[in-house]
Asks: 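Questions regarding the structure given below will be posed in turn.
Throughout, numbering of the chain's residues begins at 1 and tracks the sequence. What you see is a predicted model, and the numbers here were worked out from it, not measured in a lab.
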Amino acid sequence: MNTPLRISEDHFQRLARLLELEAEAEKQETIRSLEKLSPAEAEASGNSLINLVIREEDSGMGGRTLLTFSKRNENLQLPYTRIGNGSPVILSEEGLHTKDAPSWRGIVSRSHKDMIQVAFTQEPEWDSDRPTFRLDRSTDEISRQRQRLALETARGAKGTRLSVLRDVLLGKQNPVFNKLEFPVPFNKKLNDSQNQAVAFALSAEDVAIIHGPPGTGKTTTLVELMRQIVRGGQSVLAVAASNLAVDNMLERLIDAGENVIRLGHPARVTPALRTHTLDELAEIHPDMKLARKLTRDAHSLRKQASKYFRVKPDPNLRHSLREEAKQLLNEARQIEDSVTERIISNARIVCATATGLDSDFFMRRKFDWCIMDEASQSVEPSAWIPIQYANRLVLTGDHFQLPPTIISPEAIRGGFDISMMERLLNINSGLSRLLNVQYRMHQDIMKFSSDVFYESSLQADESVRTALLAELPAVSSSPLTDCPIHFIDTAGASYDEEQEPDGDSKLNPLEAELVIKKVHELLECGLAAEQIAIISPYSAQVKLLREKLKHMDIEIDSVDGFQGREKEAVIVSLVRSNRDGEVGFLADTRRMNVALTRARRKLIVIGDSATITSHGFYQRMVEYFESIGAYHSVWEE
């Protein structure tokens, strides 16, 4: 039953309610997927690991307990699993079937073919002498709790900088912009729109938005902005929705010679960048030697408490040993907290995911600026987490690309998929500056997206404007490589879509065969497999193509999986082909904007025009392809 919007409900109460709806939807989805499966079936699905035993116990930063698991039979490797580095998991003891049985949340810190290590902030305790365990993939409840607290903090702020920012971000107070001289750029290759965006952001007293369409050098602009801020003696908290985007900023800042620290679990950080993480910087600090000794002593006591005794010991013995271990761990944690606070306070730029910010680290730290990348992909509650730690805010992203991913239909109806960035642009378009020169794709690949989403304002830089596959080394000239776009229309050829067996997705086997044919043609022209990507909005089609091309080094993914990426040649499989003109998931045109703008030199789109043109977006797309001579019928194949 739908919950009506309460008349007295304010902005933050509404967001909190929608957050809970989404949390419940995720929880129910997880329960449904696991309840209908036996333990062996759950493991086969890739969402669980069963019959595990603890092989090693260690400690990590922040008082984390690190437990390493493997199969009880040491000769067995771990099966295929979707549980990998950085995955949130729930540990439970096998054989305890009551709903009150204890369980512990953790994050996978390391995995290998025969072992998996999990970091716990709450120390697992069990009474069995020789327990076996189960790991299940989980939702990230820590992130959710941080969002709840951030909403409460923002709603209740009075007489503080946060209260001013809140009122500006809710449209109750006008944003202030100062007159500012155009700064001398560090990067002399910035174009006019990038320089203007940097200057505009620096002039903001409260909030500014940099709108970065596909391929327009958004990260390059952000790095310049952060370097200008640091040059002025100020500090930056740089956040993004995904670890990949944070690492991208971090890498570019390191290359520019900036003093930057990466927060977050090391397992979620690109290995080459881990020396810049707080954990590793703290680990080499001289004060950490004592903390490590205290932690080792604590784990020695815990091992003693967990030891198997032939004669049942005094029932108080295990409890007292564990209590003594807890005291030692608390002392170690106090030392660690002191070290981390000093490291963070000395950094000019701190990078993290928005939901990865721990309030314990920032209680006494205020940043001059918060720079939020991928702001259009974040639900609004997550945006309020970093805002409380900064005096000014710059949001960057593109609200015409992927929106936040929401699974609760009721939360979507309530507007939970509208990011803070999109909401602000709807209130005040004057908050934004557009980056209008793109460096990724041929002008013909760019133009349809530019016309439909960006009021025909995008320009292709001269370096990419007419770039074709045939101009690449070792690639031969052919009808396929001498033009930037091919649309292959399968209408009338019985390329019918099919329902995924035991699933909700769609697939199109004949269309998949045509995709494979085009892959082979590109390879025969001299293009390398790693220069080709295949994108489909339907997961079942992605699975089918991965299976058929598993012997090739070709990236095949969903639209969401390819956000922010690019390849020389991209093949897009639209899948839908039915008599009713139902386009289903294709109706999300923002996702299609992403799919159509991943290719640098060659875009191949395969679809049934009779089906897809029932939607105005695809009618316009097919007409555009026809106007530039890119339209082809499958009968030509």
Side-chain angles (χ1 to χ4, degrees), residues 61 84-86 109-110 185-191 194 197-198 201 210 212 214-231 234-284 343-344 346-357 367 369-378 386 394-398 401-402 435 438-440 463 530-531 533 555 557 561-567 598 600:
M61 275 293 299
N85 287 355
S109 51
R110 191 156 52 93
F186 287 96
N187 187 346
K188 307 301 182 186
K189 296 181 180 179
L190 294 182
N191 62 51
Q194 291 171 325
V198 170
I210 297 177
T216 52
K218 183 163 54 70
T219 304
T220 299
T221 307
L222 286 186
V223 169
E224 177 69 24
L225 173 59
M226 287 187 269
R227 296 185 74 189
Q228 292 290 345
I229 291 170
V230 170
R231 172 193 274 175
Q234 296 182 311
S235 58
V236 180
L237 175 59
V239 299
S242 70
N243 284 288
L244 188 63
V246 176
D247 286 350
N248 189 25
M249 286 193 292
L250 175 66
E251 186 172 22
R252 302 282 285 276
L253 288 163
I254 292 169
D255 290 344
E258 295 297 334
N259 175 20
V260 56
I261 288 178
R262 170 73 154 95
L263 303 187
H265 203 295
R268 289 173 166 165
V269 179
T270 304
L273 302 174
R274 287 178 186 168
T275 54
H276 293 269
T277 61
L278 176 63
D279 282 47
E280 297 217 6
L281 290 169
E283 196 64 40
I284 61 176
I343 292 172
I344 292 174
N346 289 331
R348 281 296 182 186
I349 305 175
V350 173
C351 295
T353 58
T355 56
L357 298 174
F367 293 85
W369 295 79
C370 171
I371 310 293
M372 191 178 302
D373 195 9
E374 290 186 338
S376 56
Q377 294 181 52
S378 299
V394 178
L395 301 171
T396 66
D398 181 11
Q401 294 188 62
L402 293 183
L435 305 179
Q438 66 84 17
Y439 298 86
R440 174 180 297 160
S463 61
E530 58 267 22
Q531 294 175 304
E555 195 164 354
D557 216 329
F562 220 79
Q563 167 78 351
R565 310 284 309 290
E566 57 190 60
K567 290 282 186 177
R598 301 303 98 192
R600 296 188 189 114

Asks: Please round to the nearest 0.5 Å and tell me the distance separating atom CD of Glu224 and atom CD1 of Ile229.
Replies: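 Here the rounded value is 10.5 Å.
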
Asks: Once rounded to the nearest 0.5 Å, what's the spacing between atom CG of Leu402 and atom CZ of Phe562?
Replies: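 One finds 12.5 Å between CG of Leu402 and CZ of Phe562.
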
Asks: For Arg252, give me all partners under side-chain contact (heavy atoms from CB on, under 4.5 Å), at least two apart in sequence or on another chain.
Replies: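 By the side-chain contact (heavy atoms from CB on, under 4.5 Å) rule, Arg252 matches Thr219, Thr220, Val223, Asn248.
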
Asks: So which atom in Pro386 and which in Met372 form the shortest heavy-atom distance, rounded to 0.1 Å?
Replies: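 So the two residues come closest at CG-CE, 3.7 Å.
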
Asks: Which heavy atom of Ile284 sits nearest to which heavy atom of Leu281, and what is that distance?
Replies: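 Scanning both residues, the minimum pair turns out to be CG1-O, 3.2 Å.
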
Asks: Quick one: list whatever passes side-chain contact (heavy atoms from CB on, under 4.5 Å) with Asn243, sequence neighbours left out.
Replies: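 Testing Asn243 for side-chain contact (heavy atoms from CB on, under 4.5 Å), a comparison that skips the adjacent residues, returns Arg262, Arg268, Thr353.
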
Asks: Please find the pair of heavy atoms, one from Asp279 and one from Gly264, that lie closest to each other, and give the distance.
Replies: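 Looking at all heavy atoms of both residues, the shortest contact is OD1-O, 4.2 Å.
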
Asks: Consider side-chain contact (heavy atoms from CB on, under 4.5 Å). Of Leu263, Leu357, Ile371, Thr355, which one does Val239 pass it with?
Replies: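 Result for side-chain contact (heavy atoms from CB on, under 4.5 Å) with Val239: Leu357.
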
Asks: Taking only residues two or more places apart in sequence, or in another chain, which ones meet Gln438 in a side chain to side chain donor-acceptor pair (under 3.5 Å)?
Replies: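 Gln438 satisfies side chain to side chain donor-acceptor pair (under 3.5 Å) with no residue once adjacent residues are dropped.
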
Asks: Atom CG of Leu250 and atom CG of Leu273: how far apart are they, to the nearest 0.5 Å?
Replies: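 Reported to 0.5 Å precision, the distance equals 5.0 Å.
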
Asks: Taking all non-hydrogen atoms of both residues into account, name the closest pair between Thr275 and Ala272 and its distance.
Replies: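 Looking at all heavy atoms of both residues, the closest pair is OG1-O, 4.5 Å.
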
Asks: Looking at CD1 of Ile254 and NE2 of His276, how far apart are the two atoms once the value is rounded to the nearest 0.5 Å?
Replies: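 NE2 of His276 is found 3.5 Å from CD1 of Ile254.
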
Asks: Checking Arg600 now: which residues fulfil salt bridge (Lys or Arg N to Asp or Glu O under 4.0 Å) with it, not counting sequence neighbours?
Replies: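 Partners of Arg600 by the salt bridge (Lys or Arg N to Asp or Glu O under 4.0 Å) criterion, ordered by chain and then number, come out as Glu566, Glu568.
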
Asks: So, using salt bridge (Lys or Arg N to Asp or Glu O under 4.0 Å) as the criterion, who are the partners of Arg565 when residues are at least two apart?
Replies: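 Partners of Arg565 under the salt bridge (Lys or Arg N to Asp or Glu O under 4.0 Å) test: Glu555.
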
Asks: Can you see which heavy atom on Ser378 is nearest to which on Ala241, and at what distance?
Replies: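 Residues Ser378 and Ala241, closest heavy atoms: OG-CB, 3.3 Å.
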
Asks: With a 4.5 Å cut-off on side-chain heavy atoms, are Val198 and Pro185 touching?
Replies: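 No; the side chains remain at least 4.5 Å from each other.
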
Asks: Does atom CG of Leu244 have more than 12 heavy-atom neighbours from other groups under 6.0 Å away?
Replies: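 No.
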
Asks: Is any side-chain heavy atom of Trp369 closer than 4.5 Å to one of Met226?
Replies: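 Met226 vs Trp369: side chains apart.
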
Asks: With sequence neighbours left out, what residues match Asn191 under side-chain contact (heavy atoms from CB on, under 4.5 Å)?
Replies: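 Scan of Asn191 (side-chain contact (heavy atoms from CB on, under 4.5 Å), adjacent residues dropped) gives Ser193, Gln194, Val437, Tyr439.
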
Asks: List for me each residue that meets side chain to side chain donor-acceptor pair (under 3.5 Å) alongside Thr277, sequence neighbours excluded, and say none if there are none.
Replies: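 By the side chain to side chain donor-acceptor pair (under 3.5 Å) rule, Thr277 matches no residue at all.
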
Asks: List for me each residue that meets side chain to side chain donor-acceptor pair (under 3.5 Å) alongside Gln377, sequence neighbours excluded, and say none if there are none.
Replies: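 For Gln377, no residue satisfies side chain to side chain donor-acceptor pair (under 3.5 Å) once neighbours in sequence are set aside.
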
Asks: Could you pull out all residues at least two apart from Arg227 that satisfy salt bridge (Lys or Arg N to Asp or Glu O under 4.0 Å)?
Replies: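 Applying salt bridge (Lys or Arg N to Asp or Glu O under 4.0 Å) to Arg227 gives Glu258.
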
Asks: Checking Asp373 now: which residues fulfil salt bridge (Lys or Arg N to Asp or Glu O under 4.0 Å) with it, not counting sequence neighbours?
Replies: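 Asp373 satisfies salt bridge (Lys or Arg N to Asp or Glu O under 4.0 Å) with Lys218 only.
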
Asks: Test of understanding: with side-chain contact (heavy atoms from CB on, under 4.5 Å), list the residues that count as partners of Ala197, not counting sequence neighbours.
Replies: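 Here the qualifying residues are Ile210, Thr221, Arg433, Leu435.
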
Asks: Can you see which heavy atom on Gln401 is nearest to which on Gly212, and at what distance?
Replies: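 Scanning both residues completely, I find the closest heavy atoms to be NE2-O, 4.0 Å.
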
Asks: So how far is it from Ser235 OG to Asn346 CG, rounded to the nearest 0.5 Å?
Replies: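 So the OG of Ser235 and the CG of Asn346 are separated by 12.0 Å.
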
Asks: Only counting residues at least two apart or in another chain, list the ones meeting side chain to side chain donor-acceptor pair (under 3.5 Å) with Arg274.
Replies: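 Not a single residue meets the side chain to side chain donor-acceptor pair (under 3.5 Å) criterion with Arg274.
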
